[in-house]
Asker: 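Let me begin by handing over the structure; questions about it come next.
Side chains included, hydrogens not; waters and symmetry mates left out as well; all remaining heavy atoms used. Both ligands and their constituent atoms are indexed starting at 1 by order of listing.
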Amino acid sequence: MGQTSGPQIFAETTLAARRLERLSARIEAPGERSSLEVRTPVTDEAIGSVPACTANDVSAAVERARSAQSGWERATIDERAAILERFGDLVLDRREELLDLVQLETGKSRQHAVEEVLDVPLTCSYYAANGVSVLADADRSSAVPLAADATVTYDPVGVVGVISPWNYPLTLAMTDAVPALLAGNAVVCKPDERTPFIALALAELLAEAGLPAGLFQVVTGEGETVGPALVDEVDYVTFTGGTETGRTVAKQAGRNLIGCSLELGGKNPMLVLDDADIETAARGAVKGAFTNAGQLCLAPERIYVDEHRYDEFLDAFVGATRRLELGLEFEYGPAVGSLIDDDHLESVREFVDDAVENGASLLSGGRSRPDVGPFCYEPTILTDVDPDSRVACEETFGPVVSVHAVSSVDEAIERANDSEYGLNASVWTADRKRGRAVAREIDCGTVCVNDPYTVGWAAIDAPMGGFGDSGLGRRHGPEGLKRYVDVRTIATSRIGPMDAPPGISPRWFARFMFGLTAVQRRLARWLP
Ligand code: NAD
């Protein structure tokens with residue numbers, strides 16, 4: 001148990017107000033600064049504050065990062081990997097405190113906070129093991145193989161800005177920062193104003209793991225001030241958050257001609273085919289739709305069930321959902337925690353009220369639960385949803401899901417693809433081959449078969465990102481590393497300038513080149 005100083009809530013955790021004060025003091029914002037109060041959704045009490053950084057603070061942080069980066073770039077990838085592996089070990093060693101902090105800042109249940117803590121060491125190990133091969137110089141073929149060669153080299157872009165949201169503050173601050181650091185970049189992270197302490201705790205652990213000073217910094221403050229200031233200073237920005245903010249970031253990155261990757265919202269479909277194991281699909285729907293109280297970008301919000309299995313599925317899904325326990329204890333037990341704040345609770349309530357006013361039936365939930373916590377809302381299942389209502393088209397980002405009967409797989413695919421978004425989908429079937437074939441028809445960056453999202457996210461070797469309004473670029477896998485490097489081609493000629501040698505007329509040289517090209521094209525077909 002931690003020392004209690006400040007709100008009583010700390011008594012339930014391994015944390016104390018003084019611990020958060022020390023974390024806040026890591027932010028370099030000298031002189032007079034206004035501060036931002038951080039409140040816990042568990043009790044809606046203030047738990048601490050962080051500086052409201054200015055554009056000058058951001059500029060100074062990026063300058064410090066830039067001067068630290070040149071030494072880091074000269075270290076070998078193995079040296080960088082060793083530090084990141086140590087960091088992964090420390091995350092596991094300090095898991096209880098990190099779990100408490102995630103719960104305190106987000107109000108999510110402990111079992112869902114676990115996913116965040118597990119993700120970081122796995123990401124560190126993946127990139128530590130694969131960084132050398134992905135970033136090694138690569139020989140490429142030349143159009144004139146005997147006369148020239150070409151080599152591709154990968155150099156860090158410099159300083160990477162990571163702008164992260166509140167829903168997975170631990171995972172989403174690090175999952176993009178780890179490959180950036182491994183590639184030899186410095187990182188300046190701007191966490192959401194509601195969840196700054198997790199990012200600061202990670203900065204502390206990175207320093208303890210031996211990361212040289214200045215290479216991972218956190219700037220806190222209002223998104224609309226600190227976010228644009230960061231995008232103006234860095235060499236690459238990776239953003240996770242809402243689609244509209246993503247567009248603003250992309251516009252600014254475009255103006256500055258820097259690269260960006262955008263991980264945005266979704267309206268994720270789940271397809272239950274006629275041969276699915278219904279108990280398994282219902283269990284998957286519960287896990288997918290209500291993890292982190294539905295505040296998960298990958299969560300299914302629309303479920304399409306073959307009409308012959310619709311009643312059976314609804315029985316199983318509604319039964320399992322009604323058995324879910326809501327609670328905000330700092331221990332394993334309750335499955336569903338809190339929404340992040342009052343505004344978000346109000347937004348979720350409006351979605352459901354609008355759906356019901358437009359004829360939807362409420363099979364479970366549909367009520368806020370102030371008796372459990374100030375921003376708790378029951379897991380909610382809707383049917384008979386008007387296809388034009390907000391809940392059918394817009395991302396709710398809460399514990400709300402609608403279920404629809406469909407008459408065929410083709411209809412399920414057509415309705416799944418009827419969205420501006422394309423982040424994640426899942427297909428449920430007894431035949432995995434059939435599931436993979438259906439997956440190919442779905443316009444989403446990730447499609448999981450017989451799992452709602454974990455199997456896709458946990459395939460760290462495979463890229464992840466969205467189609468359409470769900471984003472741009474990919475995280476995870478080699479793609480998630482290569483976005484952070486400048487790619488240079490070094491081409492060498494063994495015969496001097498690629499031009500007609502002295503004494504050869506342009507006409508003869510042209511004939512020779514056409515002949516050579518014809519041979520090369522033939523060879524390319526025979527020797528792929
Ligand atoms: P948001 O877009 O409001 O905020 C995200 C981050 O951007 C925060 O750190 C915020 O401070 C910052 N920000 C705000 N204004 C900014 C600006 N003008 N310039 C730069 N940064 C700015 O996101 P939110 O609505 O709080 O988060 C939920 C959304 O995030 C949902 O739509 C969810 O689907 C999405 N999300 C996507 C993924 C993914 O991997 N695709 C993961 C988690 C969340």
Side-chain angles (χ1 to χ4, degrees), residues 36 38 41 50 52-53 55 58 105-106 108 112 115-116 119 161-176 188-196 198-199 218-234 237-253 255-256 258 260-268 291-301 339-341 343-344 347-348 351 394-398 419-425 444-446 453 456-457 463-476 480:
L36 290 183
V38 181
V50 288
C53 290
V58 174
E105 279 200 326
T106 65
K108 70 174 64 174
H112 299 147
E115 292 185 336
E116 295 209 58
D119 181 60
V162 173
I163 301 179
S164 55
W166 47 266
N167 63 329
Y168 281 74
L170 197 150
T171 290
L172 295 174
M174 281 331 290
T175 204
D176 295 314
V188 179
C189 173
K190 194 221 89 59
D192 190 274
E193 37 279 59
R194 284 158 282 193
T195 53
I198 273 289
V218 177
V219 284
T220 51
E222 297 290 351
E224 285 175 11
T225 307
V226 178
L230 187 61
V231 182
D232 267 347
E233 297 284 344
V234 293
V237 61
T238 175
F239 170 85
T240 308
T243 296
E244 283 319 306
T245 324
R247 287 188 209 283
T248 308
V249 169
K251 218 182 278 174
Q252 202 185 344
R255 203 176 55 234
N256 296 350
I258 60 166
C260 69
S261 45
L262 308 167
E263 306 289 340
L264 310 176
K267 188 75 192 171
N268 308 305
T291 286
N292 194 20
Q295 301 164 115
L296 164 67
C297 56
L298 307 170
E301 294 199 357
L339 297 176
I340 189 71
D341 61 16
D343 284 350
H344 195 47
S347 159
V348 169
F351 268 98
E394 297 173 30
E395 183 185 42
T396 310
F397 215 54
S419 172
E420 302 296 316
Y421 291 110
L423 190 60
N424 179 53
C444 284
T446 311
Y453 66 88
W457 178 273
M464 184 137 208
F467 288 13
D469 284 1
S470 289
L472 201 62
R474 294 291 181 269
R475 60 162 54 116
H476 286 179

Asker: List the closest protein heavy-atom neighbour of atom 35 (C) of ligand 1: residue, atom name, distance to the nearest 0.1 Å.
Answerer: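 Scanning the protein heavy atoms, the shortest distance from atom 35 (C) of ligand 1 goes to Gly241 O, 3.1 Å.
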Asker: Go through ligand 1 atom by atom and flag the ones less than 4.0 Å from a non-hydrogen atom of Phe397.
Answerer: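 So the answer, numbered in order with elements, is 28 (C), 31 (C), 33 (C), 34 (O).
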Asker: So, regarding Ser164 and ligand 1 (criterion: nitrogen or oxygen to nitrogen or oxygen, under 3.5 Å), is there a contact or not?
Answerer: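 Indeed, backbone or side chain, Ser164 has an N or O that close.
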Asker: Looking at ligand 1, does any of its N/O atoms fall within less than 3.5 Å of an N/O of Phe239?
Answerer: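 In fact, backbone or side chain, Phe239 has no N or O that close.
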Asker: Can you check whether Asn268's main-chain N or O pairs, donor with acceptor, with Asn424's side chain at less than 3.5 Å?
Answerer: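 Side chain of Asn424 to backbone of Asn268, a donor-acceptor pair under 3.5 Å: no, none is there.
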Asker: Report the part of Arg247 (side chain from C-beta onward, or backbone N, CA, C, O) that has a heavy atom under 4.0 Å from ligand 1; answer both or neither where that applies.
Answerer: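 None of Arg247 does.
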Asker: With a 3.5 Å distance limit and no angle check, can you tell me whether Glu116 reaches the backbone of Leu170 through a side-chain donor-acceptor pair?
Answerer: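 It does hold such a pair.
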Asker: In the protein, what heavy atom is nearest to atom 39 (C) of ligand 1, and what distance, to one decimal place, separates them?
Answerer: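 For this ligand atom, the closest protein heavy atom is Cys297 SG, 3.2 Å.
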Asker: Keeping the roles fixed (side chain from Glu263, backbone from Gly471), state whether a donor-acceptor pair exists under 3.5 Å.
Answerer: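 No; judged by distance alone, with no hydrogens or angles, the pair does not exist.
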Asker: Please check if the side chain of Thr248 supplies one atom and the backbone of Glu244 the other of a donor-acceptor pair under 3.5 Å.
Answerer: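 It does hold such a pair.
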Asker: Provide, to 0.1 Å, the distance between atom 26 (O) of ligand 1 and the closest protein heavy atom, together with that atom's residue and name.
Answerer: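 Going by distance alone, atom 26 (O) of ligand 1 is nearest to Trp166 NE1, 2.7 Å.
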Asker: Any sub-3.5 Å donor-acceptor pair from Ser470's side-chain atoms to Gly265's backbone N or O?
Answerer: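 Present.
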Asker: With heavy atoms only and a cut-off of under 4.0 Å, state how Gln295 meets ligand 1: side chain, backbone, both or neither.
Answerer: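 The answer is neither; Gln295 stays 4.0 Å or more away.
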Asker: Between Asp176 (side chain) and Val162 (backbone), is there a donor-acceptor pair under 3.5 Å?
Answerer: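 Here the side-chain-to-backbone pair does not exist.
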Asker: Ignoring hydrogens, just give me the one of Thr225, Thr175, Asp192 whose non-hydrogen atom is nearest atom 8 (C) of ligand 1.
Answerer: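 Ranked by closest heavy atom to atom 8 (C) of ligand 1, first place is Asp192.
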Asker: Please write down residue, atom name and distance for the protein heavy atom closest to atom 20 (C) of ligand 1.
Answerer: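 Going by distance alone, atom 20 (C) of ligand 1 is nearest to Gly227 CA, 3.5 Å.
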Asker: Which option wins on minimum heavy-atom distance to atom 41 (N) of ligand 1: Leu298, Asp341, Thr195, Leu264?
Answerer: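 Answer by nearest heavy atom: Leu264.
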Asker: Quick check against the 3.5 Å criterion: does Asp469 have a side-chain atom that pairs as donor or acceptor with the backbone of Tyr421?
Answerer: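 No; zero donor-acceptor contacts below 3.5 Å.
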Asker: May I ask whether Pro228 has any heavy atom positioned less than 4.0 angstrom from an atom of ligand 1?
Answerer: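 True for this residue.
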Asker: I'd like to know if Tyr168 contacts ligand 1, where contact means a heavy-atom distance under 4.0 Å to any ligand atom.
Answerer: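 Flag not set, Tyr168 not near ligand 1.
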Asker: Students should be able to answer this: which protein heavy-atom is nearest to atom 11 (O) of ligand 1, and at what distance?
Answerer: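 Residue, atom and distance for the closest contact: Glu193 OE1, 2.7 Å.
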Asker: Pick one of side chain, backbone, both or neither for how Leu172 approaches ligand 1, counting any non-hydrogen atom pair under 4.0 Å.
Answerer: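 Side chain only.
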Asker: So, do Cys444 and Phe467 sit near enough that their side-chain heavy atoms are less than 4.5 Å apart?
Answerer: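 In short, these two side chains do not touch, never coming nearer than 4.5 Å.
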Asker: Would you say Pro191 contacts ligand 1, with heavy atoms under 4.0 Å as the rule?
Answerer: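 Yes, Pro191 has heavy atoms under 4.0 Å from ligand 1.
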Asker: Where on Val249 is there a heavy atom closer than 4.0 Å to ligand 1, on the side chain, on the backbone, on both, or on neither?
Answerer: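 It is the side chain that gets close, since no backbone atom is under 4.0 Å.
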Asker: Check Ser470 against ligand 1 and report side chain, backbone, both or neither, counting heavy atoms closer than 4.0 Å.
Answerer: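 Neither part.
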Asker: Taking both backbone and side-chain atoms of Glu222, is any N or O found less than 3.5 Å from an N or O belonging to ligand 1?
Answerer: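 No - when backbone and side-chain N and O of Glu222 are compared with those of ligand 1, no distance drops under 3.5 Å.
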Asker: Below 4.5 Å, heavy atoms only, C-beta onward: do Thr220 and Glu193 meet side chain to side chain?
Answerer: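 They are not in contact (no side-chain heavy atoms under 4.5 Å apart), so the answer is no.
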Asker: Sequence neighbours excluded, which residues qualify as side chain to side chain contact (heavy atoms under 4.5 Å, CB included) partners of Thr175?
Answerer: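 Listed in chain order: Asp119, Thr123, Thr171, Leu172, Trp457, Arg475, His476.
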Asker: Kindly indicate, with the supporting measurements, whether the criterion salt bridge (Lys or Arg N to Asp or Glu O under 4.0 Å) is fulfilled by Glu301 and Lys267.
Answerer: CA-CA 6 Å; Glu301 294 199 357; Lys267 188 75 192 171; 2.7 Å; yes
Asker: So which protein heavy atom does atom 5 (C) of ligand 1 come closest to, and at what separation?
Answerer: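 Among all protein heavy atoms, the one nearest atom 5 (C) of ligand 1 is Thr240 O, 3.7 Å.
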Asker: With heavy-atom distances below 4.0 Å as the criterion, list the atoms of ligand 1 near Arg194.
Answerer: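 Numbered from 1, ligand 1 contributes 26 (O).
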Asker: Checking His344 side chain against Leu339 main chain: does a donor-acceptor pair fall under 3.5 Å?
Answerer: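 No, because the side chain of His344 does not come within donor-acceptor range (under 3.5 Å) of the backbone of Leu339.
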Asker: Within the 4.0 Å heavy-atom shell around Ile163, which atoms of ligand 1 are there?
Answerer: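 Those qualifying, in numeric order: 6 (C), 7 (O), 9 (O), 12 (C), 20 (C), 21 (N).
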Asker: Does Ser164 reach the side chain of Pro169, with side-chain heavy atoms less than 4.5 Å apart?
Answerer: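 The answer is no, as the side chains (C-beta and beyond) never meet within the 4.5 Å cut-off.
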Asker: Under 4.0 Å from a heavy atom of Leu423: which atoms of ligand 1 are those, numbered in the order shown and with their elements?
Answerer: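 Every atom of ligand 1 under 4.0 Å from some heavy atom of Leu423: 41 (N).
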Asker: Is it true that Gly471 lies under 4.0 Å from ligand 1, counting heavy atoms only?
Answerer: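 Heavy atoms of Gly471 never come under 4.0 Å of ligand 1.
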Asker: Quick test: of every protein heavy atom, which one is nearest to atom 34 (O) of ligand 1, and how far off is it to 0.1 Å?
Answerer: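 Sorting protein heavy atoms by distance from atom 34 (O) of ligand 1 puts Glu395 OE2, 2.6 Å first.
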Asker: For atom 3 (O) of ligand 1, what's the nearest protein heavy atom and its distance?
Answerer: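 The answer is Thr245 OG1, 3.8 Å.
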Asker: Could you list the atoms of ligand 1 found under 4.0 angstrom from a heavy atom of Glu263?
Answerer: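 What qualifies from ligand 1 is 37 (C), 38 (C), 39 (C), 40 (O), 41 (N).
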Asker: Show the atoms of ligand 1 that are less than 4.0 angstrom away from any heavy atom in Arg475.
Answerer: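 Those atoms are 40 (O).
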Asker: I need the atoms of ligand 1 closer than 4.0 Å to a non-hydrogen atom of Gly242, numbered in the order shown.
Answerer: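 Per the distance check, 1 (P), 2 (O), 23 (O), 29 (C), 30 (O), 32 (O).
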Asker: Would you say the side chain of Ile163 lies within less than 4.5 Å of the side chain of Val231, judging by non-hydrogen atoms?
Answerer: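 Yes, their side chains come closer than 4.5 Å.
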Asker: Output the list of atoms in ligand 1 that are nearer than 4.0 Å to some heavy atom of Asn167, sorted by atom number.
Answerer: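 Once the distances to Asn167 are compared, the set is 43 (C), 44 (C).
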Asker: Working to the nearest 0.5 Å, report the span between CD1 of Ile198 and CD of Glu105.
Answerer: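 Answer for the CD1-CD pair, Ile198 versus Glu105, is 5.5 Å.
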Asker: State whether a side-chain donor-acceptor pair under 3.5 Å links Asn256 with Asp232.
Answerer: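 Note: Asn256 and Asp232 side chains meet the donor-acceptor criterion.
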Asker: If you define the side chain from C-beta out and look only at heavy atoms, does anything of Lys108 sit under 4.5 Å from Gln295?
Answerer: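 Not touching, per the 4.5 Å side-chain cut-off.
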